[in-house]
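The structure presented is a predicted model; accordingly, all values stated were derived computationally and were not measured. For reference, positions follow the sequence shown, starting with 1.
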Amino acid sequence: MSAMEKQSKTQQDQQAANRRQFLRTGSAISAGVAGAAAMTRPVRGAEPDSKEDNIRIGIVGLGGRGTGALNNTLTINNNIEIVATADIDPNKKNVLQRLKQTYGDKVNVKEEDNHVGLDAYKRVLDNKNVDLVLMTTPPGFRPQYVLEAVEAGKHVFAEKPSCVDVAGYHTCVKAHELAKKNKTGIVTGTQYRRQTNYMEAIKRIHEGAIGDVINMTARYCSSGIWYRSRKPGMSDTQYQLYNWMHFIWLSGDQIAEQAVHNIDVMNWVMQGPPETAYASGGRFTRPEDSEMWDSMSVDFGYSGNRQISFKCRQIPGSAGDNSNHIYGSDGMAVIYGGNRGATIYDRAGKEVWKMAGNIGAAYEQEHKDLIDSIRAGNPIVELQETANSSLTAVMGRVAAYTGQRVTWDFLTNKSELNLFPANLDPNGERPVPEFAIPGKTKLI
């Protein structure tokens, strides 16, 4: 490298460092305004005037949720651009072509910044031009990827769940604390936290609209889930990554991968995680090599001797139910998933409040809040609460799998549950898949 090239590279590195510092310290918007914006109905914040002030985004994982997250942030935010990607599947590069047709200059990924492979995420984290990384891989990778992103000084959007085991939970806690110290943001894909009917209903519950909360039922019951057959020539690892939903080290089972939304609402209402879990369930319709169960029922015990009855199910042809019923001393609240809205009733059963739902707006708002908080110099860091809800899901799964009563204290202080392979070889073998059997599966 010539002296002139070295000088140019030094100047580029310094410009990138200066821009990252600007994005951390923020513009003239006060932290108070940013905090209020994150807790109220969507409000457009101040936008930078120049393309030089763009927040530059990288993404790790270009599957369905990754594509959805890109569409969400590109739709709701101005002065952003996608500049780097990573995925294990080289065919996923085609996603960018479709996005470019819709969003134009907001999609600005050079060929050399479109990475492929199991370690491709590192190339995104090494990119000095990337300010914010969207982590939308299968959940098993999420804790370590998020921690490494925070260590690299990046802001993060991390899909749910945050973790699928105890080791991942502790990694998330470390990442949360480091992000607070670094003043880098972490927003998570728990969109109900930004759906106005959820926010308003739970605010009213906390203010006493139904009296003292006594108990609750939460349901995420749906039809079957996708399954991908093994392709010729695939190694064990390649197949499990391709069909990741059906392997617990990658998905955490339905209770973690999907139903964590309702579990997060439970903890939100109860203002903290449960103390105990006692559960049952089983499998009736899963493919032979799937490790997943297809139904699970958990009794969660919260402080103050409050109980929540939780159920999740994925069985084709069965009745669906995505709802939360909260019972209080003076009334009841019902919050439905999707767009069905929320209602509060008094003790006599009379409707006293109602609000419609708009989940599409919530999916976008989580990205708007993150970008606005970065620009305001007060980045949101919310990984801890989502990690708590993810570990609550793990707690219910472990209780069901083992047939034992499981406590929060045991999981957070004693459990050694670590599902991630010690040496993951993309071309290597994996143990023969097997599903849990209560009474045989050990509590660790």
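A distance-only check finds a donor-acceptor pair linking the side chain of Q195 to the backbone of G338 [under 3.5 Å]. The backbone N or O of P426 sits less than 3.5 Å from a side-chain atom of S235, completing a donor-acceptor pair. Within the 3.5 Å criterion, the main-chain N or O of N127 finds no donor-acceptor partner in the side chain of R123. Side chain of K180 to main chain of V381: no donor-acceptor pair is present (N/O by atom type, distance under 3.5 Å, no hydrogens or angles). A donor-acceptor contact shorter than 3.5 Å is absent between the side chain of R430 and the backbone of Q238. At distances below 3.5 Å, not a single donor-acceptor pair connects side-chain atoms of H155 with backbone N or O atoms of T184. Between the N339 side chain and the I359 main chain, a donor and an acceptor come within less than 3.5 Å of each other. Judged by distance alone, with hydrogens and angles left aside, the side-chain atoms of R283 form a donor-acceptor pair with the main-chain N or O of P287 at under 3.5 Å. At least one donor-acceptor pair closer than 3.5 Å links the side chain of D253 to the backbone N or O of W293. No donor-acceptor distance shorter than 3.5 angstrom exists from the side chain of S295 to the backbone of C312, with no hydrogens or angles considered.
In the model, D165 has no side-chain atom that pairs as donor or acceptor with a side-chain atom of Y169 under 3.5 Å. Side-chain contact check for N388 and Q384: at least one donor-acceptor pair (N or O, by modelled atom type) lies under 3.5 Å. T392 and N267 form a side-chain donor-acceptor contact under 3.5 Å, judged by distance and modelled atom types alone. No donor-acceptor contact under 3.5 angstrom links the side chains of D321 and Y220, judged on distance only. A donor-acceptor pair shorter than 3.5 Å can be found between the side chains of D289 and Y239.
Side-chain contact between R306 and M270 is present, with heavy atoms from C-beta onward closer than 4.5 Å. Put simply, the side chain of N79 does not reach to within 4.5 Å of the side chain of D53, judged on heavy atoms. Considering only heavy atoms from C-beta on, N77 comes within 4.5 Å of H367 through its side chain. You'll find the side chain of N324 stays beyond 4.5 Å of the side chain of V334, heavy atoms only. In this structure the side chain of D113 never reaches within 4.5 angstrom of the side chain of T85, judged on heavy atoms. Contact of the Y198 side chain with the M355 side chain is not registered, since no non-hydrogen atoms from C-beta on lie closer than 4.5 Å. Contact of the I308 side chain with the D299 side chain is not registered, since no non-hydrogen atoms from C-beta on lie closer than 4.5 Å.
A side chain to side chain donor-acceptor pair (under 3.5 Å) with R286 is found for exactly one of Q314, E291, H246, namely Q314. When each of R397, R142, R65, K160 is paired with E257, the salt bridge (charged side-chain N to carboxylate O under 4.0 Å, His left out) condition holds for K160 and for no other. Screening W226, W249, Y227 for a ring pair (Phe, Tyr, Trp, His ring centres under 6.0 Å) with W244, the sole residue that qualifies is W226. Under the side-chain contact (heavy atoms from CB on, under 4.5 Å) test applied with S415, the options N418, L411, T412 reduce to a single match, L411.
Counting non-hydrogen atoms of other residues, nucleotides and ligands closer than 6.0 Å to CD of E112 gives a total above 12. Counted within 6.0 Å of NZ on K174, heavy atoms from surrounding residues, nucleotides or ligands total 12 or fewer; the atom is thus considered open.
Interatomic distance, L241 CG to L424 CG, rounded to the nearest 0.5 Å: 6.5 Å. The distance from the CD atom of E434 to the OG atom of S290 is 13.0 Å, given to the nearest 0.5 Å. The CD1 atom of I344 sits 5.5 Å away from the CD1 atom of I205 when rounded to the nearest 0.5 Å. Separation of atoms CD (Q101) and CG (L96) is listed at 11.5 Å; rounding is to 0.5 Å. Taking CD1 from I335 and CG from N197, the interatomic distance works out to 7.5 Å, rounded to the nearest 0.5 Å. The CG atom of D87 sits 12.5 Å away from atom NE2 of H115, with the distance rounded to the nearest 0.5 Å.
Considering every non-hydrogen atom in both I214 and G328, the closest pair reads CD1-C, 3.8 Å. For K154 against V124, the heavy-atom pair with the smallest separation is CE-O, 4.3 Å. L417 and V394 get closest at one heavy-atom pair: CD2-CG1, 4.1 Å. Pairing each heavy atom of M135 with each of A149, the nearest pair is CE-CB, 3.9 Å. Counting all heavy atoms, side chain and backbone alike, T188 lies closest to E366 at O-OE1, 3.5 Å. Considering every non-hydrogen atom in both S389 and I263, the closest pair reads O-CG2, 3.5 Å.
Taking the six-membered ring for Trp, Y192 and Y363 have ring centres at least 6.0 Å apart. In summary, the aromatic rings of F300 and Y278 are positioned with their centroids too far apart to meet the 6.0 Å limit.
No salt bridge links R313 with D294; every basic N to acidic carboxylate O contact stays at or beyond 4.0 Å. Using a cut-off of 4.0 Å between Lys/Arg side-chain N and Asp/Glu carboxylate O, D119 and K122 are scored as not salt-bridged. Salt-bridge annotation for K368 and E364: absent, with no side-chain N of the basic residue lying under 4.0 Å from a carboxylate O of the acidic one. Between R193 and E385 there is a salt bridge, since at least one side-chain N of the basic residue sits less than 4.0 Å from a carboxylate O of the acidic one. We find that E177 and K181 are not joined by a salt bridge, their nearest charged nitrogen and carboxylate oxygen being 4.0 Å or further apart. Using a cutoff of 4.0 Å between basic side-chain nitrogens and carboxylate oxygens, R56 and E81 are scored as salt-bridged.
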Could you walk me through whether T171 and C163 pass the side-chain contact (heavy atoms from CB on, under 4.5 Å) test, one step at a time?
CA-CA 9 Å; T171 300; C163 58; over 6 Å; no
Under the criterion ring pair (Phe, Tyr, Trp, His ring centres under 6.0 Å), I'd like the reasoning laid out for F247 against Y242: C-alpha separation, chi angles, the key distance, then a yes or no.
CA-CA 10 Å; F247 299 96; Y242 176 65; over 10 Å; no
Take D236 and Q240, measure what side-chain hydrogen bond (donor to acceptor under 3.5 Å, both in side chains) needs, and give me the verdict at the end.
CA-CA 6 Å; D236 290 347; Q240 291 192 9; over 6 Å; no
Between Y121 and F141, is the ring pair (Phe, Tyr, Trp, His ring centres under 6.0 Å) condition met? List the steps.
CA-CA 11 Å; Y121 78 99; F141 292 97; 8.2 Å; no
Applying side-chain contact (heavy atoms from CB on, under 4.5 Å) to Y103 and R98, what does each step give before you reach the verdict?
CA-CA 9 Å; Y103 299 104; R98 297 194 298 271; over 6 Å; no
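Classified by interplanar angle (parallel below 30°, tilted 30° to 60°, perpendicular above 60°), the ring pair Y327/H325 is parallel.
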